[in-house]
Undergrad: 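Pasting a structure below so you can have a look.
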Amino acid sequence: MTQTRGGIRGWAAGRKGTVSRLRFTSLRLRLVVVFGLVALTAAVSASGIAYWLNREAVLTRAQDAVLRDFEQEMQNRAGALPVHPTQDELQRAAGQMANSSQRFSVLLVAQDPNGQTVYGNSGGLNGFALEDVPTSLRAAVNKQQKVADGNESPYHVYWQRVVDHGTPYLVGGTKVIGGGPTGYMLKSLEPEAKDLNSLAWSLGIATGLALIGSALLAQAAATTVLKPVHRLGVAARRLGEGKLDTRLRVSGTDELADLSRTFNNAAEALEKRVDDMAARDEASRRFVADMSHELRTPLTAITAVTDVLEEELESEAGGIDPMVEPAVRLVVSETRRLNNLVENLMEVTRFDAGTARLVLDDVDIADQITACIDARAWLDAVELDAERGVHARLDPRRLDVILANLIGNALKHGGSPVRVSVRIVDDQLVVQVRDHGPGIPEDVLPHVFDRFYKASASRPRSEGSGLGLSIAMENAHIHGGEITAANSPESGAVFTLRLPRDASALTEEPEKGGDGEKGGA
């Protein structure tokens, strides 16, 4: 048999649009999408294969039954006709053939005794006509085949599927062997097409249900898998917040349970390490505090002696031997330096221990800076650019420590004159201390506020302890402010102090009085 391409006509609508890319940041969403795509692919593939197999089976079974019946009717009815039948004989035979069990339309074509072509149609004048038969099928039916060992008959039954106005049909034809009419049949495949459409709908519904089921399964899997991951994330955040006693409940022997055990082991090791470091840090702070406290008693006695020696040096009587005078002056100077170092160490210890507190008061900034400069006899070396009446609620003693360290550092390591300017920016107090020295080397700038850090060789050797600027920064931090260091485009270094005008929000219970703390300049 020869077959030509044919099929059921359908319609398809295309829709073009712009689809923006989606970034799936949720692991749950990505898991559901992946499950859905896998289920959709599997369901569509299975449905497509099932539909194709069932379609071929249904159509093959229907067309085989029709063609067998048509071939039988051609042998029984058309084969009984004379070689040159009349039109009435053809018409009668076509009607009888159409009444078979398959109920198909029949067209018989033959030549009457006069040599004219006559037609017999089971459906009357408006029924099945020769024009409804494809040309290729007519040519195949009328072509006589060569009889050989593999081909016992010169004529065969040929068929073809066609679609007319959306309805599929089976068209077949053959010729009576030994002479006689040529017969064609037309059978509607609409019942089979409806059955296949029902099957397609059923497979589509099954695909949709599979997709929904896969989404529910993905949701359940995501809940099962991501719940431990979520707990792990919460525990990691708590651990990052400093709650080192955080642990995960471990259940099972799967990979997530191993991950939980690993987290617990890491958290336990981290807690132990932090406790050890905290203990060593506390021991170091206690050692510094105890050492500073123990040094104060002998320093008090030494300071009293050096005060007497200094009075003898300044007396007109000249009670000190000129040969001993340089040594006495060195002792007086180093004793004062040692006293300042002890006071600074005790101040640093208070900051490290978290015991430093603010004692707030309403401060006139210009008066505070003037008092700081005057107390240290810096009036001739410092220029003040500050308006009277600028008030702030700060700790006067700690502000004095900050100013003394910044101005003293500028006088020691910079160049005169040192200019101090005050302004208010966005409800913040901004104090700038600028010197006219060579500036701060770029490699030194990141370390100027480090403890015990000394200036580079480009500056004179520092006689301080290296704690002054660090203490100034700590006092700024306790106010909720900061200090920055930079080089002026013109010349010299610029230290900028920024403090809130009201530090009341940073303290709940102000101290009732001072504790006699001092900060070295």
Side-chain angles (χ1 to χ4, degrees), residues 1-8 51-83 85 89-110 119-124 127-130 132-164 167-199:
M1 298 182 183
T2 55
Q3 304 183 33
T4 61
R5 292 183 179 178
I8 301 174
Y51 178 79
W52 181 78
L53 292 176
N54 280 275
R55 177 179 181 275
E56 290 301 315
V58 169
L59 293 179
T60 300
R61 184 170 60 249
Q63 74 185 20
D64 287 348
V66 172
L67 292 175
R68 278 196 307 268
D69 197 12
F70 172 66
E71 188 176 10
Q72 188 68 32
E73 291 295 327
M74 283 293 295
Q75 291 176 358
N76 296 335
R77 304 290 183 180
L81 293 173
V83 178
E89 291 175 335
L90 286 178
Q91 192 71 28
R92 186 169 50 256
Q96 292 173 350
M97 292 174 64
N99 290 327
S100 67
S101 61
Q102 295 298 326
R103 313 299 295 180
F104 44 73
S105 299
V106 177
L107 173 65
L108 296 177
V109 182
Y119 302 92
N121 192 328
S122 62
F128 183 32
L130 190 62
D132 296 329
V133 181
T135 304
S136 59
L137 181 61
R138 281 182 280 170
V141 168
N142 292 315
K143 184 178 180 181
Q144 184 176 0
Q145 303 291 329
K146 184 178 180 181
V147 178
D149 293 339
N151 185 25
E152 299 178 355
S153 176
Y155 298 103
H156 299 276
V157 177
Y158 296 95
W159 60 271
Q160 186 173 335
R161 296 175 196 164
V162 297
V163 178
D164 185 21
T167 302
Y169 292 94
L170 176 66
V171 181
T174 188
K175 191 175 182 67
V176 176
I177 302 172
T182 301
Y184 298 98
M185 54 77 57
L186 179 68
K187 171 67 176 178
S188 174
L189 297 178
E190 187 174 5
E192 288 76 11
K194 289 181 179 179
D195 292 341
L196 291 175
N197 288 336
S198 299
L199 176 62

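Throughout, residue positions are numbered sequentially from 1 according to the sequence presented.
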Undergrad: Using 0.5 Å steps for rounding, measure from the CD atom of E71 to the CG atom of N76.
TA: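 Answer for the CD-CG pair, E71 versus N76, is 10.5 Å.
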Undergrad: Using the side-chain hydrogen bond (donor to acceptor under 3.5 Å, both in side chains) rule, collect all pairs that involve residues 170-186, keeping only residues at least two apart or in two chains.
TA: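 Of all non-adjacent pairs touching residues 170-186, those that pass side-chain hydrogen bond (donor to acceptor under 3.5 Å, both in side chains) are K175-T182.
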Undergrad: Minimum heavy-atom separation for P134 and V162, please, with both atom names.
TA: CG-CG1, 3.9 Å
Undergrad: What is the distance from atom CG of N197 to atom CD of E192, rounded to the nearest 0.5 Å?
TA: 11.5 Å
Undergrad: How long is the gap from CE on M74 to CG on L67, to the nearest 0.5 Å?
TA: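 The CE atom of M74 sits 12.5 Å away from the CG atom of L67.
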Undergrad: Would L108 and R92 satisfy side chain to side chain contact (heavy atoms under 4.5 Å, CB included), going step by step from the backbone distance to the final call?
TA: CA-CA 10 Å; L108 296 177; R92 186 169 50 256; over 6 Å; no
Undergrad: Using side chain to side chain contact (heavy atoms under 4.5 Å, CB included) as the criterion, list what pairs up with T135, not counting sequence neighbours.
TA: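 Once residues adjacent in sequence are excluded, the partners of T135 under the side chain to side chain contact (heavy atoms under 4.5 Å, CB included) criterion are R138.
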Undergrad: Who passes side chain to side chain contact (heavy atoms under 4.5 Å, CB included) against R103, sequence neighbours left out?
TA: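 By the side chain to side chain contact (heavy atoms under 4.5 Å, CB included) rule, R103 matches N99.
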Undergrad: Specify the closest pair of heavy atoms between Q160 and S136, including all atoms of both residues, with the distance to one decimal.
TA: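 Heavy atoms of Q160 and S136 come nearest at OE1-OG, 3.5 Å.
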Undergrad: If I compare all heavy atoms of Y119 with all of V109, which pair ends up nearest, and what's the gap?
TA: CD2-CG2, 3.5 Å
Undergrad: Quick one: closest heavy-atom pair of P85 and L90, and the distance?
TA: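 Minimum heavy-atom contact is CG-CD2, 3.7 Å.
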Undergrad: Working to the nearest 0.5 angstrom, can you tell me the gap between E89 CD and L81 CG?
TA: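 The CG atom of L81 is 6.5 Å from CD of E89, to the nearest 0.5 Å.
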Undergrad: What are the two closest heavy atoms between S122 and A94, and how far apart are they?
TA: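 Residues S122 and A94, closest heavy atoms: CB-O, 3.6 Å.
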Undergrad: Mind checking side chain to side chain contact (heavy atoms under 4.5 Å, CB included) for D132 and listing every partner two or more places apart, or none if nothing turns up?
TA: F128, A129
Undergrad: By side chain to side chain contact (heavy atoms under 4.5 Å, CB included), which residues pair with P154, not counting sequence neighbours?
TA: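 For P154, the residues satisfying side chain to side chain contact (heavy atoms under 4.5 Å, CB included) (neighbours in sequence not counted) are Q144, V147, I177.
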Undergrad: CZ/R61 to CG/N54 distance, rounded to the nearest 0.5 angstrom?
TA: 9.0 Å
Undergrad: Between CG of L186 and CG of L107, what distance do you get to the nearest 0.5 Å?
TA: 10.0 Å
Undergrad: Taking all heavy atoms of V176 and all of A78, pick out the closest pair and write down the distance.
TA: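 Closest pair (atom of V176, atom of A78, distance): CG2-CB, 3.9 Å.
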Undergrad: Is there side-chain contact between Q72 and Q75, with heavy atoms separated by less than 4.5 Å?
TA: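 Result yes, sub-4.5 Å side-chain heavy-atom pair found.
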Undergrad: Are any non-hydrogen side-chain atoms of Q96 and E73 less than 4.5 angstrom apart?
TA: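 The answer is no; the side chains never approach within 4.5 Å.
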Undergrad: Could you pull out all residues at least two apart from S101 that satisfy side-chain hydrogen bond (donor to acceptor under 3.5 Å, both in side chains)?
TA: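 Result, side-chain hydrogen bond (donor to acceptor under 3.5 Å, both in side chains) vs S101: D69.
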Undergrad: Tell me every residue that passes side-chain hydrogen bond (donor to acceptor under 3.5 Å, both in side chains) with K187, counting only those two or more places apart in sequence or in another chain.
TA: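 Expected list: none.
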Undergrad: Kindly indicate whether the side chain of W159, heavy atoms from C-beta on, has any atom under 4.5 Å from the side chain of M185.
TA: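 No; the side chains remain at least 4.5 Å from each other.
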